[in-house]
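Keep in mind that this is a model prediction, so the values were computed, not measured.
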Amino acid sequence: MKNLYKNAKASQCKDDLDLRVYTSNLLGQSSELVLHGGGNTSVKTKIAGEDMLLVKGSGWDLVSIKREGFSPVRLEVLLEMAKLPSLSDSEMVKQQKEAMSDKSAPNPSVEAILHALIPYKFVDHTHVDAVVTISNAVGGKEKIQKLYPNFLIVDYVMPGFVLAHQIYEKSLRLDWDSIEGIILLNHGIFTFDNDAKTSYTKMINAVTLAEEFLEENAPLNIERNYNHSECDIAKITKVLSKAKGYPVSLNINQTPLASYYSSQENLKEFASRGVLTPEHIIRTKRVPLVMEDTNLEAGIEKYMQEYEAYFNKYAKNEIMLNAAPNYMIIKNLAVISFGKDKKEAAIVNDIVEHTMLAVLRADKLGGYQSISEKESFAMEYWELEQAKLNK
């Protein structure tokens, strides 16, 4: 991965926050690092003599974030929160808001406590495709440990307070100077340093290492020999709009990648192994609708029944989302993503494209495996709750 840092550009930054904005924008320029709001960054600084964490605010994308997109939170409060044995999402959001020095700023990232715990000025967090692809392969943890011997490797847990508290407990016996970063299996990577350029460069170097590993051990040859089938786009639009309860927009992907992916044997089993990173699930659902025949109405009905069974299996007091699929794969033809408008459908397609590449590469490493069905449900409805809390 190319290092985009320019000393001349960085020299124009007038303070810590300017530098933080600059390197955040650099990270956001690569969809292999973050997609549509993913990832977060922070800088620790003093405001009016008080130690503060300026962390990416909810609703901002790294590629376009500006100074006003960072939330100023009192560092001491976040560090005390990390010590608590438990903390509900609503209470976490409430306490973080109360700790903000500027109440007009956006709500802090759900990872604010974790950023506070890392004792370095600049902290970068991304959901690197290459790293997550390796960790989502069979034996992924062992592969990651071998590839990154100087990183703290953390098994998957829910983002937010649960993850932050686990890192707090590990930090009690951790020499931070002995590690170059943190890799969260099935989730992403953190790098950090007291220098913005160094933290960013550590991220790029770590990503490059994973990309080179995949090039050597999981090279892809997208075959172009497949049998086309026909589909009725007008019918798909009509049937999906009825199932969704609103007029849907379609994004039709017939690239060589999508066509090759849709031509795989045992397609439903192949394509129903879960999301690339947990944050994607609110956009895509855990699995697509897979059509291997022409009875679309029956296919959607069965999908919705299976989603309802999935919901009932794990639900406690949640309200079920619309059970219709967010994207579909038509055997030997295409991947079609759905949205309320063209932009939303395009976002789903972007995520699915990255997922398809990861699945194909992870299979080259021994097999693709995402987080469990139970963990997927927890994340899907946790993200929904987070969206409500941050309104």
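- Aromatic ring centroids of Phe122 and Tyr200 lie 6.0 Å or more apart.
- Each of Arg286, Glu344, Lys244 was evaluated against Asn326; a single residue qualifies, Lys244, per the side-chain hydrogen bond (donor to acceptor under 3.5 Å, both in side chains) test.
- The aromatic ring centroids of His115 and Phe192 lie 6.0 Å or more from each other.
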Residues 210-222, side-chain donor-acceptor partners within the protein, below 3.5 Å, at least two apart:
residue	atom	partner	partner atom	Å
Glu211	OE1	Met1	N	3.0
Asn217	ND2	Phe213	O	2.9

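- Judged as a ring pair (Phe, Tyr, Trp, His ring centres under 6.0 Å), and not counting sequence neighbours, the contacts of His187 are His125, His127.
- Centroid-to-centroid, the aromatic rings of Phe338 and Tyr327 stay 6.0 Å apart or farther.
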So Lys197 and Thr23, side chain to side chain contact (heavy atoms under 4.5 Å, CB included) or not? Walk me through it. CA-CA 8 Å; Lys197 180 180 181 180; Thr23 54; over 6 Å; no
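- Shown here is Glu50, whose CD atom has more than 12 heavy atoms of other residues, nucleotides or ligands within 6.0 Å.
- Arg20 has a carboxylate O that lies under 4.0 Å from a charged side-chain N of Asp124, or vice versa, which qualifies the two as a salt bridge.
- A salt bridge between Glu380 and Lys374 is absent, with no side-chain N of the basic residue lying under 4.0 Å from a carboxylate O of the acidic one.
- Around atom NZ of Lys103, more than 12 heavy atoms belonging to other residues, nucleotides or ligands sit under 6.0 Å away.
- Under a 4.0 Å N-O distance rule, the pair Lys313/Glu373 qualifies as a salt bridge.
- A salt bridge between Lys141 and Asp155 is present, with a side-chain N of the basic residue lying under 4.0 Å from a carboxylate O of the acidic one.
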Assess whether ring-ring contact (aromatic ring centres under 6.0 Å, His included) is satisfied between Tyr368 and Phe270, documenting all intermediate values. CA-CA 9 Å; Tyr368 176 84; Phe270 169 83; 9.0 Å; no
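- For the 3.5 Å distance criterion, the side chains of Glu353 and Asn253 qualify, holding a donor opposite an acceptor.
- In this structure, Gly28 and Leu62 approach most closely via the heavy-atom pair CA-CB, 3.9 Å.
- At a threshold of 4.0 Å, the pair Lys121-Asp193 does not count as salt-bridged, since none of the basic side-chain nitrogens sits closer than that to a carboxylate oxygen.
- Centroid-to-centroid, the aromatic rings of Tyr314 and Tyr381 stay 6.0 Å apart or farther.
- Chaining together hydrophobic side chains whose heavy atoms lie under 4.5 Å apart leaves Val138 on its own.
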